[in-house]
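Quick note on labels: first sequence line is chain A, next is B, and so on, each numbered from 1. Side chains are part of it too, since the values below use all heavy atoms of this structure and drop only hydrogens, waters and symmetry mates.
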Number of protein chains: 2
Amino acid sequence: MTERTKGASIKDVAEYAGVSPKTVSRVHNGERWVREEVREKVLAAIKALNYRPNAAARSLSGSRSYLLGLVLDNPSSHYAGDVQLGALKRARLRGCHLVVEPVDIKAVNWTTELTASITALRLDGVLLTPPLCDNAEVLKVLDDLDIPYVRISPDRDPERSPYVHIDERAAAHEMTTYLLDRGHTDIGFIRGQATHSSARLRFEGFRDALAERGLAPREDWIVDGNFQFPSGQDAARTLLSGEGRPTAIFAANDAMAFGAIVAASKQGLSVPGDLSVVGFDDAPAAQIYSPGLTTIRQPVIEMGAMAVDLLLTPPGDEAASGGHCLAHGLVERDSVAVLANP
Amino acid sequence: MTERTKGASIKDVAEYAGVSPKTVSRVHNGERWVREEVREKVLAAIKALNYRPNAAARSLSGSRSYLLGLVLDNPSSHYAGDVQLGALKRARLRGCHLVVEPVDIKAVNWTTELTASITALRLDGVLLTPPLCDNAEVLKVLDDLDIPYVRISPDRDPERSPYVHIDERAAAHEMTTYLLDRGHTDIGFIRGQATHSSARLRFEGFRDALAERGLAPREDWIVDGNFQFPSGQDAARTLLSGEGRPTAIFAANDAMAFGAIVAASKQGLSVPGDLSVVGFDDAPAAQIYSPGLTTIRQPVIEMGAMAVDLLLTPPGDEAASGGHCLAHGLVERDSVAVLANP
DNA sequence: AAAAACACTGACATCGTTGTCAGGTTACCA
DNA sequence: TGGTAACCTGACAACGATGTCAGTGTTTTT
């Protein structure tokens with residue numbers, strides 16, 4: 001094997017520019033008190049030698065590692081992928097790299113492994129996605145390590161760390177109003193499991209929107225699901241088998257909405273002809289389903305990006321603390337029929 | 001802010017165990033020639049102090065960084081997520097961490113950025129996924145850096161680096177035979193774009209399987225698509241509008257298969273009642289589609305894992321060179337009708 | 001005009017680990 | 001018994017950056 005090509009070191013650059021290594025360090029770290037003339041000379045040398053500071057050396061010497069951790073429990077989901085994408089882009093802009101740390105809650109030693117990774121790498125901070133961001137053990141590990149973290153859509157403990165989220169209640173409210181405006185007043189709702197605050201907030205938005213029009217949800221048209229496809233099928237079967245039937249179903253997420261569509265089709269009901277269905281999340285399948293699913297889009301990529309920004313904000317800066325709400329969007333596709341003009 | 005808790009250093013462990021730091025290093029690196037008694041004493045000390053070697057220091061001192069790069073151009077796809085998951089798990093087993101490097105081919109400076117990341121972090125090796133693994137510029141950057149890399153399902157240059165793949169031709173052959181065995185002889189095929197060798201191989205497997213039964217594909221039932229959903233719709237419209245129509249459609253990937261199903265439904269054809277449709281890839285939507293899509297599953301997670309293994313095999317080891325083929329699977333769902341008993 | 005503050009630069013130690021090498025045992029063979 | 005190998009260990013110098021501090025000019029203040 002040939003010797004791995006080594007890049008230029010800070011010494012080479014210093015020599016080339018005729019200054020000390022320390023001055024080179026000052027220049028590319030943007031420290032004050034470097035003469036403009038010297039700065040330019042050094043920058044030219046850096047460019048000429050194509051110098052890249054060694055991250056390991058910086059980490060060892062300084063107090064930062066320029067490494068951020070993304071802790072995931074389900075790395076192959078589309079949601080996680082989008083968070084990662086946003087985080088990745090922003091991290092690069094900010095001169096950091098992203099190390100992905102998978103956590104398998106079902107494994108025996110996962111806390112040890114997480115601790116090991118964080119301490120070995122001296123991560124500067126950690127990003128947490130749901131549902132991990134509400135896992136007490138994870139938070140305890142991070143608190144014990146005294147490492148900064150930012151949560152994405154956490155369920156509870158708003159004071160515990162900075163976080164980003166969307167206004168789920170408002171989004172569900174908007175979706176419900178959208179249905180009402182199109183003449184739907186008989187709306188069934190498929191809930192998520194009560195342990196997720198999302199499930200609660202989305203239902204509350206639905207209920208409140210109805211209430212604003214002087215309506216109340218029919219009790220037997222509120223069915224529990226668990227955010228999974230099959231539970232959507234089951235729930236829809238229940239909704240469609242009772243006395244009378246709703247003209248629209250609002251599922252608390254897309255997977256259950258797909259289940260509802262399939263269940264309706266199997267009963268010979270066409271969507272949206274006989275039944276309108278809406279979801280929440282804008283899953284990738286939503287645009288290739290038949291019919292295309294009207295749903296709520298979360299700005300997941302931006303959430304990942306903002307989480308990195310918060311993480312890199314100097315501690316103590318008030319601007320980064322607390323919750324940061326990003327705008328959602330209602331994505332109109334083909335799964336809703338218009339019963340009356342808005 | 002409180003001072004970040006620092007873990008024990010190798011000196012602490014050495015002192016605790018009553019040996020030199022170098023011996024501690026020897027123990028946890030599994031070097032030879034450490035007395036059993038000493039080894040145990042050191043291991044006990046490591047455990048007692050909960051010692052984790054500092055990755056930055058190791059990287060700086062030794063020749064390895066214990067960091068692998070995963071270069072992705074579309075980090076939020078399910079495929080990329082699964083590769084990552086497999087790579088992540090295996091990397092952890094092998095004591096490495098994974099740094100994700102997004103590459104946006106459309107950006108101006110992407111080669112510079114990639115080079116910068118690799119040299120700054122002194123990555124031990126890099127994983128490449130399609131279609132990036134066939135990008136000449138990426139390969140040139142890596143070759144110039146003289147950094148080991150492993151490709152996943154590359155299109156060409158089999159000698160250029162180790163790689164993992166599945167036998168796409170055999171898989172398509174198997175799927176075609178599956179259709180033939182169920183009485184389908186009038187089969188339409190939706191191809192991918194010719195620039196992907198996957199498209200070619202999958203088509204060849206299809207053609208060969210027909211040929212083995214003494215059949216030849218009908219020319220106007222071979223339609224070109226581009227692996228995207230809409231092209232599947234268009235292709236199916238073409239296939240279903242000519243004189244006579246196939247009893248089955250084999251799409252070169254799932255996205256186009258979904259398009260075909262939707263197009264068929266719009267023409268009043270039920271799947272699989274009036275038309276069978278199969279795909280390739282086992283996209284997440286395949287199991288929540290109506291009907292569930294019969295398709296080929298690639299062992300993507302295992303491929304990511306094996307890629308890491310290959311990357312960590314010492315260079316020069318013959319076992320790691322060349323291509324490594326993993327087994328695919330035919331996932332039987334509900335999109336194929338039986339016209340005759342197999 | 002002296003003192004003080006500011007602006008700029010480099011020497012040197014340091015971060016935590018591993019590579020190199022020299023040295024000390026013990027075991028084996030002639 | 002002496003010599004050579006194999007086995008085991010630690011001192012010391014890297015690795016490539018940054019933090020600290022001292023030192024030298026230059027300006028501003030007193």
Side-chain angles (χ1 to χ4, degrees), chain A residues 3-42 45-46 49-67 95 97 116 119-124, chain B residues 3-42 45-46 49-67 95 97 116 119-124:
Chain A
E3 184 63 24
R4 184 78 54 81
T5 312
K6 289 187 180 173
S9 82
I10 199 169
K11 272 191 188 170
D12 305 324
V13 178
E15 205 167 321
Y16 187 99
V19 297
S20 75
K22 177 66 209 185
T23 298
V24 176
S25 165
R26 272 195 264 265
V27 169
H28 84 236
N29 281 34
E31 287 177 35
R32 295 190 312 170
W33 293 327
V34 178
R35 234 187 323 154
E36 192 51 35
E37 179 197 333
V38 174
R39 174 184 306 279
E40 276 164 22
K41 210 164 49 179
V42 170
I46 288 178
L49 300 182
N50 199 24
Y51 166 69
R52 308 285 166 194
N54 180 323
R58 293 179 95 186
S59 162
L60 189 55
S61 172
S63 53
R64 299 182 53 192
S65 67
Y66 303 90
L67 253 29
H97 293 268
T119 60
L121 257 23
R122 302 276 194 273
L123 297 181
D124 287 340
Chain B
E3 185 65 23
R4 183 80 52 83
T5 313
K6 288 187 184 174
S9 83
I10 198 169
K11 273 191 188 169
D12 305 325
V13 178
E15 204 167 322
Y16 187 98
V19 296
S20 76
K22 177 66 208 185
T23 297
V24 176
S25 166
R26 272 195 265 266
V27 169
H28 84 238
N29 282 30
E31 286 178 37
R32 295 190 310 169
W33 294 329
V34 178
R35 232 191 321 159
E36 193 49 36
E37 179 197 334
V38 175
R39 175 184 307 278
E40 276 165 21
K41 209 164 52 178
V42 170
I46 288 178
L49 299 182
N50 199 24
Y51 166 68
R52 307 286 167 195
N54 179 322
R58 292 228 276 176
S59 162
L60 190 55
S61 173
S63 54
R64 299 182 51 192
S65 67
Y66 302 90
L67 252 30
H97 293 269
T119 59
L121 294 173
R122 300 276 193 274
L123 297 182
D124 288 340

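Looking at A/H97 and A/Y66, their side chains never come closer than 4.5 Å, going by heavy atoms from C-beta outward. At least one side-chain heavy atom of A/H28 sits under 4.5 Å from a side-chain heavy atom of A/I46. Side chains of B/Y51 and B/D12 form no contact here, defined as non-hydrogen atoms less than 4.5 Å apart. Proximity of B/V19 to B/V38: side-chain heavy atoms (C-beta onward) are separated by under 4.5 Å at one or more points. By the 4.5 Å heavy-atom criterion applied to side chains, B/R58 and B/N29 are counted as neighbours.
Taking atom CZ on A/R35 and atom P on D/dT24, their separation rounds to 16 Å, with Å as the unit. Distance B/R122 CZ to D/dC15 P: 12 Å, rounded to the nearest Å. Residue B/R64 contributes atom CZ, which lies 17 Å from atom C1' of D/dC15 at whole-angstrom precision. The separation between B/K41 atom NZ and D/dC8 atom P is 14 Å, rounded to whole Å. At whole-Å resolution of the value, NZ in A/K11 and P in D/dT18 are 14 Å apart. Here D/dC15 presents its P atom at 11 Å from CG of A/D12, a figure rounded to the nearest Å. In this structure, the CD atom of A/E31 is 15 Å from the P atom of C/dA7, given to the nearest Å. Atom OH in B/Y66 sits roughly 17 Å away from atom P in C/dG16 (whole-Å rounding).
Looking at which nucleotide of DNA chain C each of A/K22 and A/W33 is closest to, the 5′-most match is held by A/W33. Judged by closest nucleotide on DNA chain C, A/G18 is the one of A/G18 and B/R58 placed further toward the 5' end. In terms of position along DNA chain D, the nucleotide closest to B/T23 lies nearer the 5' end than the nucleotide closest to the other residue of the pair B/L60 and B/T23.
Looking at heavy-atom distances under 4.0 Å, B/V19 makes contact with sugar-phosphate atoms alone, never a base. Within 4.0 Å (heavy atoms only), A/R26 reaches at least one base atom of the nucleic acid.
The A/V34 side chain lies nearest to C/dT9 when the options are C/dT17, C/dT9, C/dG19. Counting only heavy atoms from C-beta on, B/I10 has its side chain closest to C/dT17 among C/dG10, C/dT17, D/dA11. The side chain of B/S25 lies closest to C/dT18 when the candidates are C/dT18, C/dT9, C/dT17.
The side chain of B/N29 places an N or O atom within less than 4.0 Å of a non-bridging phosphate oxygen (OP1 or OP2) of C/dT18. Contact between the side-chain N/O atoms of B/H28 and the OP1/OP2 oxygens of C/dT17 is not found at any separation under 4.0 Å. For C/dT17, one of the phosphate oxygens OP1 or OP2 lies less than 4.0 angstrom from a side-chain nitrogen or oxygen of B/Y51. Within the 4.0 Å cut-off from OP1 or OP2 of D/dC15, not a single side-chain nitrogen or oxygen of B/S61 is found.
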